[in-house]
Amino acid sequence: MKQDYQVEELQRKIHSEQLEGIGERLEEDIKGILDRAGIYFRVFSRAKTPFSIVRKLEKEGYGFAEDEKKLQDVIGIRVVLYYQDDMSIVRTVLDRTFRSAGKWAETENSDEEFKASKLNGVFYVPEEYRRLYSGDMSDYPIDCTFEVQLRTVSFEGWHEIEHDMRYKSLHGEEFWKNNEDLSRTLNCVLANLELCDWSTLSVFEKLAVYHYQEGNWEMMLKGKFRLRFDAKPLSEEVIEFLNHNKDVAHSLCCCDRAEAIFSLMRMADERPVTYDLIVKAASTIFTECDGKQKRRIAKICNEVLKTEKNLKSERPVLNPLEVTPSFQLNVTLVHRESTTVDKEFLAAVKIIGQWAQTQLCNVAEGIPDTPVDYERYDTGYRIVILGNMSLGFYKLSLDYVDTKRAGVVWKICVSLEKSERIRMKVDCNYCHTPGRLVHNSFLKPRFVDDIFKKIGYEDVIPLSLKPGKIHNMKELERTSQIIADHNRTLPVVLVVEDEDKEKQINTGRLAETIGTYAHVFLLDKKMIPLLVEQSDYTMEDIIGAVWVTFRGSEDKFYTRAMIEQSRFDFNKYAFEEGNVYEKAFRHKLVRLIKEKNCE
């Protein structure tokens, strides 16, 4: 009877993130090995999802019985190669590197048919990685193996099409029934792809022969070996030798490419891959040259490579990480007459402490949510809390390594100072290697929003997630006073209502996005004539316009015409309905305020 597997139970037991981590480690290992070979390739890894595992185990043939098989591709590595003859080279490299768990699966083509060329091998996950895995797969017919798929660039995309439209189709053979002519047409496409692979090799082999005949030794090497050569040209010493020893050049042109690459890989300490280095590697496998010539070319290459090695700079030393601001906030907490400042202080501390507990729930226990001293250090994590209720002081500092972005360390610091009111300061920074660009570097910790919702913030006036409305002269004067107030630290965004609702900036959405670190106001269209009288702008300029005022910085003024010219460089909302330029401008405005926040 077929075993019934549950996705939820499997998810609890197999630890998908660890499997993904093992896949990433294997991907790095294979990349490092193939980099030594100098060949052109791309490598990708994936771990099957619990749903995908269950779906496959439900198929016939999987189980623990002798006549059944185990799932071997929970972890999959795909190596995409640029040249067809690299398939056999990479296969040999992997066979020598990992412990095989069976024979390679190859495409079986008859003389009268074409199939997508594939080469799949299965290997055991190295013991050093299995020891790090804490999941339990013993209840499932799953092997501790990983599958490697070798593909050429020509067939890479085609495999996905054929896998989905033929072999993995839920409709089975019915999908192609009574359409044998179309199936043959599909095979014609496959035939052309195979022809592309072989034709490419033929072109470069003929180029190599041509450049050999012309005495262009560097170009001959490029056409012959087709490797990722370093920019350094072939040395004059080697060129001079080949000019006077054409039989050695002929041996280079005719040598076994695969064996030359294996010889290159044995030179573990020689990097990068240069033309001189491939000549040295190939010279070790020459069969046509006499021993004297082989020794001479080897000596020349050794002297050239030795000189290059001596010219290399010293090993790089560790440099300090750059610290880039990500989010800053300096506000006063709202005080309500119905409670005390002490209670508000303790409430804010509790929110911050609970946030830290959630962040580090898998790392540290006992993180306090009261104003007391605490510290904890762990690999990749550091949390220090200084708290004293009688002094009205609390400070939490948290440093942690970003698990998704390599080379990034986050530093978050929040402090509370209590007197007649509570002052809160938040500083978030990310530390990275010099010059590194980190995507999505803006980070507003969740406790910022939680404290706002429960207590609230003031910056001259209370902040709000809804736009302030300006309907009359009194409200306009009050807004002008806020803008002119030197105690204000956060920016003010003033949106002028547009008569055309479709062109109106969505101030509600804008306030929801930036309302914890900016003031947002909407000026009623009835107030436009008055605003025209008090400014140097025309009616046409002001209708639908947006003002942004920063403290100690130049104001920004955008007319409706300027807003309508806004466009996305990268439009994530290209297929969504709505006013595209309004979204583009609002996105631009939010980005501007975030960047100003980090200055």
Side-chain angles (χ1 to χ4, degrees), residues 1-32 43-80 94 97-105 118 120-151 159-160 163-164 167-168 170 357-365 378-381 400-406:
M1 182 176 176
K2 193 68 179 175
Q3 176 71 43
D4 183 25
Y5 298 108
Q6 300 298 319
V7 174
E8 294 77 11
E9 182 182 3
L10 182 70
Q11 195 166 16
R12 287 194 301 270
K13 290 187 175 182
I14 68 167
H15 295 186
S16 297
E17 289 188 359
Q18 289 189 4
L19 292 175
E20 291 172 0
I22 292 174
E24 290 168 0
R25 293 282 291 273
L26 291 168
E27 178 185 334
E28 291 174 6
D29 292 339
I30 292 172
K31 182 180 184 301
V43 60
F44 313 92
S45 66
R46 67 101 182 101
K48 279 186 178 296
T49 64
F51 175 80
S52 181
I53 293 173
V54 168
R55 186 177 177 185
K56 192 163 186 177
L57 291 179
E58 288 174 347
K59 295 181 179 180
E60 291 298 324
Y62 288 97
F64 292 98
E66 290 185 7
D67 61 340
E68 293 179 315
K69 60 186 177 181
K70 291 186 176 182
L71 187 64
Q72 294 186 309
D73 64 341
V74 169
I75 297 173
I77 309 290
R78 178 168 293 184
V79 182
V80 181
L94 294 173
T97 304
F98 298 102
R99 186 160 64 96
S100 176
K103 295 182 179 180
W104 286 79
K118 70 175 183 179
N120 298 350
V122 178
F123 302 90
Y124 289 103
V125 174
E127 174 64 25
E128 59 187 289
Y129 297 160
R130 294 205 301 270
R131 286 200 303 268
L132 300 175
Y133 179 66
S134 59
D136 181 12
M137 296 188 290
S138 60
D139 293 335
Y140 306 93
I142 299 175
D143 258 345
C144 292
T145 54
F146 66 98
E147 182 186 61
V148 178
Q149 300 178 341
L150 303 184
R151 306 282 188 265
H159 271 281
E160 297 297 327
H163 195 52
D164 184 59
Y167 304 116
K168 207 174 181 180
L170 297 176
Q357 292 169 6
T358 302
Q359 290 288 105
L360 300 176
C361 61
N362 296 321
V363 179
E365 295 181 354
D378 222 317
T379 306
Y381 302 88
Y400 64 92
V401 174
D402 193 315
T403 56
K404 295 183 179 180
R405 286 173 280 195

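The first residue of the sequence shown is numbered 1, and numbering continues consecutively from there.
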Residue pair N120, V122: steps toward the side chain to side chain contact (heavy atoms under 4.5 Å, CB included) verdict:
CA-CA 7 Å; N120 298 350; V122 178; over 6 Å; no
Review item, side-chain donor-acceptor pairs of residues 70-77, under 3.5 Å, at least two apart:
from	atom 1	to	atom 2	distance (Å)
Q72	NE2	D143	OD2	3.3
D73	OD1	K56	NZ	3.4
D73	OD2	K56	NZ	3.1

In Å, rounded to the nearest 0.5 Å, how long is the span from NZ of K48 to CD of E147?
8.5 Å
Holding to salt bridge (charged side-chain N to carboxylate O under 4.0 Å, His left out), I want the full list of residues that pass it with D136, two or more places apart in sequence or in another chain.
none
Return the set of residues passing side chain to side chain donor-acceptor pair (under 3.5 Å) with Q357 (not counting sequence neighbours), or none when no residue passes.
none
Atom pairs and distances, side-chain donor-acceptor, residues 22-30, under 3.5 Å, sequence neighbours left out:
from	atom 1	to	atom 2	distance (Å)
E27	OE1	S45	N	3.3
E27	OE1	S45	OG	2.7
D29	OD1	Y129	OH	3.4
D29	OD2	Y129	OH	2.4

V401: what forms a side chain to side chain contact (heavy atoms under 4.5 Å, CB included) with it, not counting sequence neighbours?
V409
Set out, in order, the CA-CA distance, both residues' side-chain angles and the distance that settles side-chain hydrogen bond (donor to acceptor under 3.5 Å, both in side chains) for Q11 and S16, then state yes or no.
CA-CA 7 Å; Q11 195 166 16; S16 297; 5.8 Å; no
Residues in side chain to side chain donor-acceptor pair (under 3.5 Å) with E66, at least two apart?
none
Shortest non-hydrogen separation from Y5 to P141 and the atoms involved:
OH-CD, 3.1 Å
Is E128 atom CD crowded by more than 12 heavy atoms from other residues, nucleotides or ligands, each under 6.0 Å away?
yes
Would K69 and Y62 count as a side chain to side chain contact (heavy atoms under 4.5 Å, CB included) here? Give the steps.
CA-CA 5 Å; K69 60 186 177 181; Y62 288 97; 3.6 Å; yes
Kindly write out the residues that satisfy side chain to side chain donor-acceptor pair (under 3.5 Å) with D402, not counting sequence neighbours, or none if the list is empty.
R405, W410
Does any non-hydrogen side-chain atom of L150 lie less than 4.5 Å from one of W104?
yes
For the backbone of V125 and the side chain of R130, can you confirm whether one donor and one acceptor N or O come within less than 3.5 Å of each other?
yes
Taking every heavy atom of L10 against every heavy atom of P50, the minimum-distance pair comes out as CD2-O, 3.5 Å
According to salt bridge (charged side-chain N to carboxylate O under 4.0 Å, His left out), who are the partners of R99, at least two apart in sequence or on a separate chain?
none
Is the CG atom of N362 crowded by more than 12 outside heavy atoms at less than 6.0 Å?
no
For the pair Y133 (side chain) and I14 (backbone), establish whether a donor and an acceptor sit closer than 3.5 Å, ignoring hydrogens and angles.
yes
Under 3.5 Å: donor-acceptor pair, side chain of Q18, backbone of S134:
yes
Residues forming a side chain to side chain contact (heavy atoms under 4.5 Å, CB included) with F51, sequence neighbours excluded
V7, T49, R55
The criterion is side chain to side chain contact (heavy atoms under 4.5 Å, CB included); which residues satisfy it with T97, sequence neighbours excluded?
I33, V93
Run the salt bridge (charged side-chain N to carboxylate O under 4.0 Å, His left out) test against K31 and tell me which residues pass, sequence neighbours left out.
D35
Tell me, with the steps shown, if R78 and V80 meet side chain to side chain contact (heavy atoms under 4.5 Å, CB included).
CA-CA 6 Å; R78 178 168 293 184; V80 181; 4.0 Å; yes
The test is ring-ring contact (aromatic ring centres under 6.0 Å, His included); show your working for F146 and F98 and say whether it passes.
CA-CA 10 Å; F146 66 98; F98 298 102; 5.3 Å; yes
Do F123 and V148 have side chains that approach each other closer than 4.5 Å (heavy atoms only, starting at C-beta)?
yes
Test side chain to side chain donor-acceptor pair (under 3.5 Å) applied to Q6 - qualifying residues, sequence neighbours left out
D4
So which atom in Y381 and which in T403 form the shortest heavy-atom distance, rounded to 0.1 Å?
OH-CG2, 4.3 Å
